[in-house]
2 protein chains.
Amino acid sequence: MSTNSEIVSRRNRPAKAPLSRDVIVSMALDILERDGAAGLSLRRVATALDTGAASLYVYLSNLDELHALMLDAALAAVKTTDVRALPWRARLKKLLASYLQVLCDRQGLAQLALSTIPCGPNTLRIWEQLLGLLKEGGVDGTKAAWGVDLLALYVTAIAAEQSIRQGDQALERVRNAMSGISAEEFPHLFAARTTLLSGEGEARGAWALDIIIEGIVSGASPKPAKRRR
Amino acid sequence: MSTNSEIVSRRNRPAKAPLSRDVIVSMALDILERDGAAGLSLRRVATALDTGAASLYVYLSNLDELHALMLDAALAAVKTTDVRALPWRARLKKLLASYLQVLCDRQGLAQLALSTIPCGPNTLRIWEQLLGLLKEGGVDGTKAAWGVDLLALYVTAIAAEQSIRQGDQALERVRNAMSGISAEEFPHLFAARTTLLSGEGEARGAWALDIIIEGIVSGASPKPAKRRR
DNA sequence: ACCTGAACACCGTTCAAGT
DNA sequence: ACCTGAACACCGTTCAAGT
């Protein structure tokens, strides 16, 4: 509850800002933004805070925990549109679009999200919203729980894929492999090669989200039995 | 085409097996299987091959390339059921189930798949199969290309999630966070907490795949226009 | 052409010692 | 309680030198 960010009322600040979880996390996010996932390390965060790496272990138990804290802190930017005027489906799409946006905006954040299961306050808030929106749409129980999991997983996955697609030399390899395929050996692949390579990340992501949402709402329930009638 | 695996007909083998891309990749997969993703490194692979890390750079340009080669080599185990007797949808599900199985079976492989876009022969073969099966189901063009992408992405994501869920202390954190939530602040989350935590990975994955397949087959096309009638 | 040792510039984490 | 320097056990990659 108390976020430990009490004001240091000392007149003569010790020139070095006092350490805290929050300071470490936000500095780490700054570094991630500037240098990407490859440039993030405990040592660099420590150096940027003008201290040694060992000092961070007072506030963190390890690097994984820092990752989880960073992710949750970044997810504070996800907008939970409370506009009751819009129908639930539109609000659900807006929420997921914002979620995706946040993960894509900060360089390297998507990569982080893949290797961590976040469970901080912001993550919980998003999950709660998703569950509520699905319930408004008549989905609850196991279906809603699994649906939220599926939606969150997919948003993370698509963000990560797009972050890999841009930048690295990985795409160049794919392009090479695709241009080298023969029409006889891989007829379908050959025919689809242009479409497969076309980016259009945004439209693609929206299309896929629509399909998943529609499937959760109108698709079959997970457990066939379990009816109580 | 020629896989460079010519037989060394020397009578006196040099006691040290000659290096080659294949030898390096299969040793790396062995190490991944035994020690997991955290235990895999170029240096360890080199040591296991009784040489120095520098020697590997004759066959690999960097670690990323090794990852891509490992992934594609592992995907050789994906079974492409050619049984024409089964309807296309059943074959599609079997193929995806096998894909998922392979990624889940080898410890750490799923993690690998997330950070690499594979484009080796086995990957191409799977893509070709997927495209063919979707076409049998009446899906082609942009919808099929994006569909294959979505299916492959999702299989990878669910495999990775399950590999994170088991083992690490991440799950323990989630469990803690979930048990600490208040029914007033997060009513939906509180009601769903048991279902959300329940593993049941297999059933969950199958359910989600069904939804995605159904959505691709019967859902809207990506580009609204482009009809030729 | 292929392999090697040594070096370079990094990592995360621990621990005794300081304040 | 908090911070620190130094150490430990690792990384990927490069490069001059060997065969």
Side-chain angles (χ1 to χ4, degrees), chain A residues 2 4-6 8 10 12-25 27-28 31-32 34-70 108 111-112 115-116 168-170, chain B residues 2 4-10 12-25 27-28 31-32 34-70 108 111-112 115-116 168-170:
Chain A
S2 64
N4 222 35
S5 50
E6 303 159 274
V8 181
R10 303 290 216 104
N12 52 340
R13 296 198 243 156
K16 202 194 286 188
L19 285 180
S20 75
R21 250 166 123 94
D22 290 336
V23 168
I24 294 170
V25 169
M27 179 60 86
I31 291 174
L32 184 71
R34 209 178 337 106
D35 304 332
L40 180 75
S41 75
L42 274 181
R43 287 180 115 104
R44 267 221 250 267
V45 174
T47 306
L49 291 169
D50 198 25
T51 183
S55 305
L56 306 186
Y57 282 82
V58 180
Y59 305 94
L60 309 166
S61 54
N62 53 41
L63 183 62
D64 267 357
E65 190 171 293
L66 176 61
H67 287 164
L69 291 170
M70 289 170 70
Q111 301 249 40
L112 237 174
S115 54
T116 318
D168 280 336
Q169 75 264 39
Chain B
S2 65
N4 221 35
S5 49
E6 302 158 277
I7 304 164
V8 181
S9 56
R10 302 290 216 103
N12 53 339
R13 297 198 243 154
K16 203 194 285 186
L19 285 181
S20 74
R21 250 167 123 95
D22 290 336
V23 168
I24 294 170
V25 169
M27 179 60 85
I31 291 175
L32 184 71
R34 208 176 341 105
D35 304 333
L40 181 74
S41 75
L42 275 181
R43 287 179 115 106
R44 268 222 250 266
V45 174
T47 305
L49 290 169
D50 198 25
T51 182
S55 305
L56 306 186
Y57 281 82
V58 179
Y59 306 94
L60 308 166
S61 55
N62 53 42
L63 183 63
D64 267 357
E65 191 172 292
L66 176 61
H67 287 164
L69 290 170
M70 288 170 71
Q111 301 248 41
L112 237 175
S115 54
T116 319
D168 279 337
Q169 75 264 41

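Letters A, B, ... are given to chains in the order of the sequence lines, protein chains preceding strands, and every chain is numbered from 1.
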Side chains of B:Val58 and B:Leu19, heavy atoms from C-beta outward: is any pair under 4.5 Å? no
Expressed in whole Å, how much space separates the P atoms belonging to D:dA9 and C:dA9? 23 Å
Could you tell me how far apart B:Leu60 (CG) and C:dC2 (C1') are, to the nearest whole angstrom? 14 Å
What residues form a side-chain hydrogen bond (donor to acceptor under 3.5 Å, both in side chains) with A:Ser55, not counting sequence neighbours? A:Thr51
Could you tell me which residues satisfy side-chain contact (heavy atoms from CB on, under 4.5 Å) with A:Arg34, sequence neighbours excluded, listed by chain and number? A:Ile31
Hey, are the side chains of B:Leu60 and B:Leu42 touching, using non-hydrogen atoms and a 4.5 Å cut-off? yes
Check whether any side-chain heavy atom of A:Ile24 lies under 4.5 Å from a side-chain heavy atom of A:Leu69, and answer yes or no. no
Rounded to the nearest 0.5 Å, how far does CG of A:Leu56 lie from CG of A:Asn62? 12.0 Å
Protein heavy-atom contacts under 4.0 Å, written 5' to 3' over nucleotides 6-19 of chain C as B (base), S (sugar-phosphate only) or - (none), form the string -B---BBBBB----
With A:Ala68, which residues qualify under side-chain contact (heavy atoms from CB on, under 4.5 Å), at least two apart? A:Thr116, B:Arg173
Can you tell me which stems DNA chain C forms when a stem means 3 or more consecutive Watson-Crick or G-U pairs under 3.5 Å? C:4-8 with D:12-16, C:12-16 with D:4-8
So CE of A:Met70 and CG of A:Leu63: to nearest 0.5 Å the spacing works out to 9.0 Å
Rounding to the closest angstrom, what is the interatomic distance between D:dA16 and C:dC3 at atom C1'? 13 Å
